[in-house]
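Please read the structure below before turning to the comments.
FYI, side chains are in, hydrogens and waters are out, and symmetry mates aren't considered; it's all heavy atoms of this structure.
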Amino acid sequence: MKKLMLLLTTLVVLMLPGCMAPAGEPALDPPLAVEPESPTDESITILGTGDILMHNNVIASGSDGSGGYDFNHLYEPIKLYIESADHASACLECALAGAESGYTGYPQFNSPDELATALKNAGFDLINTAGNHCMDRGLAGGLRTLQVLQDAGLDTIGTNASAEAKATPYIREINGFKLAYLAYSYSTNGIPIPASAPWYFNDLDKDQVLEDISAVREQADLVILLLHWGVEYSPYPTEEQTQWARDFFAAGADLILGSHPHVIQPAEIISVDGKDKLVIYSMGNSIGSQNGIERNSGVMVTAEFTRDGADGAIALSGYEFIPTYIHRYNASGKQLFRALPITTTIAAIENGGETILTADDIPLLESVYTATMDTLCAMGLELDQTTL
């Protein structure tokens, strides 16, 4: 009887669900439930910086004395910041019309082609040519400028090589974000655009800007405006500018980067339907040789936008202002220029990493930093200022 009971018990165990296994193979544990992964947020960082002014002595700083030029020194100190952004732009205030046109600074600028190579090497992606100096060497010079920049691997915007180019919006997909840039200038310094080339110049006409924003809004995740506007050397925007900024944001723009005044002007956060939008009315000069501390001051602006992994909504998630200073110095028997990031330069002086400036120069750099941050906040923007 005990043998019969043992046999029956063994048969019952073997017939229990989940306990049967092929001969010679061990029974497997049931798989564990796997929680679905939460969608991750995605971000992109956009950088803009001030005007590029190639005065005579800035041009001379790149000369090798035998007809060649190298301008890599201009942006070497801030190259890391530019390269770190996902997309970086600057405003070019000169023609690249060739040596036969003569290299000159103010009032009608023309620089060597090697400048384009230096801008590419510095990490810029997009060059805004919609400035009041875009006709300094006429239409031929302007068209050649576009070609030289593009041959160096840079994108261009603001002036156009054809009617087709003007009608084609600048949209680039980066990190899964579709960026649309629009660029305009208030003037060509009185030099008329040829009647045969109405497509060349993007005039800063409010109604046209609003129309263009509407045209690209559905094609892009972010719309960035590069506006060459405002009053030269004024520390504030005009009432018209502040109203236009609000109108452009209401129409669908996400970020406005201003240029032209050659001094830094304030920034604002403007809320539209609960979304924060950033405008800086002027980023000052990134390179040049003007007189006065305020005209040798600039700022790099970085704006971070994040797409929510859950609902896909895109919002301004952070921004930073990095004050810069145009430093003139002598080396190798000539005057040179470089754009310095102020806080890291002060740190380099203090830890022995800076070989040109000394502790005696720190008060100047501190004053530039303080003036820059005060100006940026002059219209109510709140920033956590670094204590220097």
Side-chain angles (χ1 to χ4, degrees), residues 45 47-53 74-82 84-85 90-91 230-238 241-242 245 256-270 276 278-304 318-329 337-388:
T45 302
L47 181 144
T49 192
D51 291 334
I52 301 167
L53 289 171
L74 299 178
Y75 288 100
E76 185 62 34
I78 61 172
K79 179 178 179 177
L80 180 62
Y81 294 93
I82 300 168
S84 296
C91 181
V231 179
E232 279 190 322
Y233 314 121
S234 171
Y236 289 95
T238 65
Q241 285 177 271
T242 60
I256 298 175
L257 301 174
S259 57
H260 171 64
H262 305 308
V263 295
I264 297 166
Q265 290 183 346
E268 282 192 287
I269 292 292
I270 298 171
D276 285 344
L278 174 65
V279 53
I280 178 166
Y281 292 100
S282 173
M283 295 176 285
N285 291 334
S286 69
I287 209 69
S289 180
Q290 291 190 307
N291 295 321
I293 291 176
E294 71 283 354
R295 300 183 193 186
N296 286 284
S297 301
V299 64
M300 291 183 286
V301 182
T302 61
E304 181 188 63
Y319 50 89
E320 184 179 8
F321 300 91
I322 304 159
T324 60
Y325 180 67
I326 302 169
H327 176 222
R328 307 181 196 192
Y329 63 105
F337 296 79
R338 56 179 181 161
L340 295 178
I342 292 177
T343 56
T344 53
T345 300
I346 291 175
I349 293 171
E350 292 175 337
N351 64 28
E354 166 62 30
T355 60
I356 301 172
L357 295 175
T358 69
D360 292 338
D361 298 299
I362 290 179
L364 170 63
L365 296 175
E366 289 177 334
S367 69
V368 173
Y369 177 90
T370 300
T372 296
M373 302 305 280
D374 288 347
T375 298
L376 290 171
C377 298
M379 292 174 62
L381 185 72
E382 294 184 0
L383 294 173
D384 292 330
Q385 298 192 27
T386 300
T387 301
L388 298 177

Once you round to the nearest 0.5 Å, how far does [atom1] of [X] lie from [atom2] of [Y]?
X	Y	atom1	atom2	answer
Q265	L376	CD	CG	10.5 Å
S234	E232	OG	CD	11.0 Å
T45	Y319	OG1	OH	15.0 Å
T372	M283	OG1	CE	13.5 Å
L80	T344	CG	OG1	9.0 Å
M373	I264	CE	CD1	10.0 Å

[Y] side chain reached by [X] side chain, heavy atoms, under 4.5 Å:
X	Y	value
L381	F321	yes
P237	P266	yes
N285	N296	no
S282	H260	no
V301	L278	yes
T345	H327	no

With sequence neighbours left out, write down each residue that passes side-chain contact (heavy atoms from CB on, under 4.5 Å) with T238, or none if nothing qualifies.
V231, E240, Q241
Which pair of heavy atoms, one from [X] and one from [Y], lies closest together, and at what distance?
X	Y	value
L340	I78	C-CG2, 4.2 Å
T242	E268	CG2-OE1, 4.4 Å
V299	P323	CG2-N, 4.2 Å

Report yes or no: does S286 contribute a side-chain atom to a donor-acceptor pair with the main-chain N or O of D51 at less than 3.5 Å?
yes
Judged by atom type as modelled, is there a donor-acceptor pair below 3.5 Å linking the side chain of T324 to the main-chain atoms of G298?
yes
Set of ring-ring contact (aromatic ring centres under 6.0 Å, His included) partners for Y281, sequence neighbours left out
W229
Return the set of residues passing ring-ring contact (aromatic ring centres under 6.0 Å, His included) with F337 (not counting sequence neighbours), or none when no residue passes.
none
Report the residues that fulfil salt bridge (charged side-chain N to carboxylate O under 4.0 Å, His left out) with E294, sequence neighbours left out, ordered by chain and then residue number.
none
Pairs under 3.5 angstrom only: tabulate donor-acceptor contacts from the side chains of residues 355-365 to other protein residues two or more places apart or in another chain.
unit_1: T358; atom_1: OG1; unit_2: D360; atom_2: N; d: 3.2
unit_1: D361; atom_1: OD2; unit_2: T358; atom_2: N; d: 2.9

Applying salt bridge (Lys or Arg N to Asp or Glu O under 4.0 Å), which residue pairs with at least one partner in residues 344-354 are found, sequence neighbours left out?
R338-E354
Do Q290 and Y233 get their side chains close enough for a donor-acceptor pair, meaning under 3.5 Å?
yes
